[in-house]
There are 2 protein chains.
Amino acid sequence: MDLFVSRYFNKIDKKGRVSFPSSFRNVLPKTNKSEIILYKSIKTESIEGCGVERLKEIAKRINNLDFFSEDYDDFSTSIFSEIVPTKIDKEGRFLIPPELKDYAKITNEAAFYGKGHFFQIWEPKNGLNSSETSRKRLLNEKKSLRTILTQQK
Amino acid sequence: MDLFVSRYFNKIDKKGRVSFPSSFRNVLPKTNKSEIILYKSIKTESIEGCGVERLKEIAKRINNLDFFSEDYDDFSTSIFSEIVPTKIDKEGRFLIPPELKDYAKITNEAAFYGKGHFFQIWEPKNGLNSSETSRKRLLNEKKSLRTILTQQK
DNA sequence: TATATACCCATTGACGCCCATATAATCCCA
DNA sequence: TGGGATTATATGGGCGTCAATGGGTATATA
């Protein structure tokens with residue numbers, strides 16, 4: 001499985017360390033399993049992150065936007081300048097950068113949400129509320145996991 | 001037969017393990033017979049699942065969406081974090097993820113229902129009640145297998 | 001020097017992996 | 001085609017490993 005999937009709730013210890021979920025670690029490239037990049041989620045009150053190699057992909061996507069558009073400016077500012085490279089220790093733990101931790105209002109527990117090619121880190125209650133909202137929106141739009149997962153080409 | 005069909009009632013042992021029905025295992029791709037993905041059924045109090053290969057297709061599709069669109073966000077949010085990849089051991093058994101187990105109110109026995117391209121896992125009594133209800137509803141609507149099987153497009 | 005963090009080592013409970021058995025299904029050969 | 005032998009499936013249990021977590025000490029940085 002080379003995708004960030006599922007959800008994990010991990011404790012933050014007295015030193016501020018938190019375990020990066022084992023299954024997430026396995027998604028990171030073999031060449032660099034000890035570093036991730038973190039940044040503020042643009043649309044939500046959460047931290048977003050991915051492996052370093054994904055950064056290049058993001059750069060490409062942003063580069064494809066109209067160079068003179070507001071979006072280009074906004075995205076490149078809010079993403080690149082906000083990125084915090086973060087090291088993962090031998091036990092698979094890392095320190096959540098203080099600014100991001102504050103931004104997401106995380107205190108003593110962190111919820112890790114798999115999002116495919118990236119992941120999000122939430123204050124647990126906020127995370128639950130947010131996914132509940134998503135779930136309801138899906139129901140209203142009559143889309144369900146089943147329709148998406150089982151549809152044939 | 002590359003479809004999930006028929007119904008099986010399997011016991012959950014002291015360690016929480018349950019056999020994934022042999023005929024279901026044969027539906028999984030030869031390349032990966034030891035992993036399935038599970039998620040909450042949206043419309044019923046049951047667990048739904050399928051092989052991992054579908055997930056990868058979805059990931060590919062989602063990745064092709066506009067990186068900054070609402071759709072990209074919505075899909076990745078509602079799909080990836082809800083999915084629980086689950087390993088099947090050498091004997092064909094697996095652990096039902098606790099959250100899903102609770103959701104379906106499963107305790108010491110699980111009913112596996114083949115649904116074609118996916119399957120469902122029910123608490124046995126709930127499963128029986130649900131299929132009985134379905135049967136009656138079909139009868140009331142005067143639909144029969146024959147109508148469905150013989151209708152032309 | 002004070003504070004933070006990198007680097008060790010320890011603990012615990014859960015899980016993966018292995019081996020075992022009973023029953024059911026299948027096969028094979030006379 | 002019958003009946004014994006072989007194989008497959010569901011199930012039970014032991015044990016080593018790993019993930020998450022806790023904490024001590026050296027090292028760095030300001």
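Reminder, nothing fancy here: chain letters follow the sequence lines and each chain counts from 1.
In this structure, CD1 of Ile96(B) is placed 16 Å from C1' of dC15(C), rounded to the nearest angstrom. When rounded to the nearest whole Å, the span between CD of Glu109(A) and C1' of dT21(D) equals 13 Å. Atom CZ of Phe24(A) is separated from atom P of dC18(D) by 21 Å (rounded to the nearest Å). One interatomic measurement links the two molecules: CZ of Phe20(A) to P of dA20(D), which rounds to 11 Å at whole-angstrom precision. Atom CG of Asp89(B) is separated from atom P of dC19(C) by 14 Å (rounded to the nearest Å). Atom CZ in Phe9(B) sits about 13 Å away from atom P in dT11(D), given to the nearest Å. Distance Ile88(A) CD1 to dT5(C) P: 16 Å, rounded to the nearest Å. Taking atom CG of Asn108(B) as the reference point, atom C1' of dA10(D) lies 16 Å away to the nearest angstrom.
Nearest nucleotide to the Lys15(B) side chain, out of dG14(D), dT21(D), dA20(D): dG14(D).
Distances shown here put a side-chain N or O of Lys14(A) below 4.0 Å from the OP1 or OP2 atom of dG23(D). The side chain of Ser19(A) places no N or O atom within less than 4.0 Å of a non-bridging phosphate oxygen (OP1 or OP2) of dA19(D). Dashed line: the shortest gap from a side-chain N or O of Arg93(A) to OP1 or OP2 of dG23(D) is not under 4.0 Å.
Counting only distance, with no hydrogens or angles, the side chain of Lys33(B) and the backbone of Leu28(B) share a donor-acceptor pair below 3.5 Å. Under the 3.5 Å distance criterion, the side-chain polar atoms of Thr86(A) are matched with a main-chain donor or acceptor of Val84(A). For Asn10(A) (side chain) and Ser19(A) (main-chain N/O), a donor-acceptor pair under 3.5 Å exists by modelled atom type.
Within the model, atoms CD of Gln120(A) and NZ of Lys43(A) stand 10.5 Å from one another, a figure rounded to the nearest 0.5 Å.
As judged by a 4.0 angstrom heavy-atom cut-off over every strand, Asp13(B) is placed among residues touching the sugar-phosphate backbone only. No engagement by Lys87(A) is indicated, since no non-hydrogen atom pair under 4.0 Å with the nucleic acid exists. Residue Tyr8(A) is out of contact with every strand shown, counting any heavy-atom pair closer than 4.0 Å. Backbone-only contact: Asn10(B) has heavy atoms under 4.0 Å from sugar-phosphate atoms and none from a base.
Projected onto DNA chain D by closest heavy-atom contact, Asn26(B) and Val18(A) fall at different nucleotides, the more 5' of which corresponds to Asn26(B). For the pair Leu95(A) and Lys90(A), nearest-nucleotide mapping onto DNA chain C gives the more 5' position to Leu95(A).
Taking only distance into account, the side chain of Glu91(A) meets the base of dC9(C) through a donor-acceptor pair shorter than 3.5 Å. Arg17(A) contributes a side-chain N or O that forms a donor-acceptor pair with the base of dG23(D) under 3.5 Å.
Each of Tyr113(B), Phe112(B), Phe24(B), Trp122(B) was scored for a ring pair (Phe, Tyr, Trp, His ring centres under 6.0 Å) with Tyr8(B), with one residue passing: Phe24(B).
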